[in-house]
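Quick notes on the structure that follows.
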Amino acid sequence: MTARIVAVINQKGGVGKTTTSVNLTHALARLGKKVTVIDLDPQSHLAVSLGVVSPQTTGIDEVMLEHCNLQQQLIPVRQNLNLIVAGPRLQEIEQLNEGGARRGDLLRKALHENLDDQDFVFIDCPPSSGVLVANALFAADEILVPMTSDYLALQGLSHLMGTIKKFESALKKHYKFSLVMSRYIATRRISKDVLNTLQKYFPGQILATTIRETALLAECPSFGKTIFEYRPGCRSARDFTALAKDFLEGKVM
Amino acid sequence: MADKNENSLIGYDPLAWMHEQAEEKTKPSVAVACPEADAILDEQLYAESPAEQNIADAGWQDVAVDATEEGAFADTASIVLEPVLSIQTVAQLHEQLLAVLNSSNKIEIDASAVTSADTASLQLLLVLKRTAIKQQKEVVIDFPSDKFIEVANLLGISEMLEVDRAAAGFF
């Protein structure tokens, strides 16, 4: 079995990358899928959101810099859900300025023929477009882009699509591409206009469930809990369960 | 261009290029599809000046003017460089670059596979870049290999080719 490798990516900050990574992976795990999630953001917010707060714990940084065994870095955080933390040296990779294109291939090599017992490997990317994101794009088969429904997010998406097309051309691969509407405020007119614009350019690529903006989603990281633990059965928990089913079944708008 | 709904709160549509690029892809490439144009290019390139670089420069200028008149530009063209760039292959590369400069506003050159490059080839790329700037076009060297960067550094043109900051990112 080969794991599907999914990069959760958007160079714009605050669009819900980590919230999506935490709660979608937990939702998939709750549906019985074996999932590993990698924190590729040196800020380590994914790990904190899952209740792992030891800043000195090594993780994907040692795998990429020192070729340490990936399996040894797995932390089982929930049933069916493993975490690989960022590690204190991850920022060094962002600043690598030697090694040409090979600098971008560190993660792909580390994942190669590893984690084959998993259904999914998710990579939570930093809000940037440097060497770490390049590593995620080298490694991933699929790209999941959380999008907020505001104008500047559209602008950022335009830049991101240019980047993705460059990678597809240079790496001669074609990503499976999905958008997830995150932090959605249905009562705003701009939300609908942004969504209409996206539907025009990404027909069949926007996952059917929108994740609505709620206070609970903002609160649960401070307790190291996913939404399913913080407030089971709430509207956001239902959104993420529905999103996980959309993701598995390919259900789109 | 994307359709515009007058009641929409989306003013300038930053994603419009995606549809424009898709439309361009469906159009045939002028440079490839027109043997007569190739013949004219050859004349312009090789018939006049004795100095190779002057020939190259002049050829690009002339051809670009012709293309503008025809209004037949595609948005972006991509070229993948061969692993070995030498004096033996420079004429072929010249033709290839000329064709894309003729037909595109932006040229992306993938230099990831380059294992060896001589001065003639790098000089050609440099002239391409300078010519493109004059014509308000863009030439980007993507994924330069270590060897490509090393040679560009050795010749002191990595900054002009904009591969000096390649290490800082891939985009």
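Proteins come first, then strands; the chains are lettered A, B, ... in the order of their sequence lines, and each starts at number 1.
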task: Would you name the heavy atoms of A:Arg189 and B:Ser8 that are closest together and state the gap between them?
output: NH2-C, 4.4 Å
task: Work out which heavy atom in A:Tyr201 is nearest to a heavy atom in B:Leu15; give both atom names and the distance.
output: CE2-O, 3.3 Å
query: What's the shortest heavy-atom distance between B:Pro14 and A:Ser158, and which atoms?
result: O-OG, 2.8 Å
field: Proximal component of A:Leu132, with respect to chain B [non-hydrogen, under 4.5 Å]
entry: neither
A:Lys173, NZ atom: more than 12 neighbouring heavy atoms under 6.0 Å: yes
Enclosure of A:Gln199 CD (heavy-atom neighbours >12, cutoff 6.0 Å): yes
query: Roughly how far, to the nearest 0.5 Å, is the NZ atom of A:Lys166 from the CD atom of B:Glu108?
result: 5.0 Å
field: Spacing of B:Leu9 atom CG and A:Arg188 atom CZ [to the nearest 0.5 Å]
entry: 11.5 Å
- request: For A:Tyr151 and B:Tyr12, work out which heavy atoms get closest and say how close.
  value: OH-O, 2.7 Å
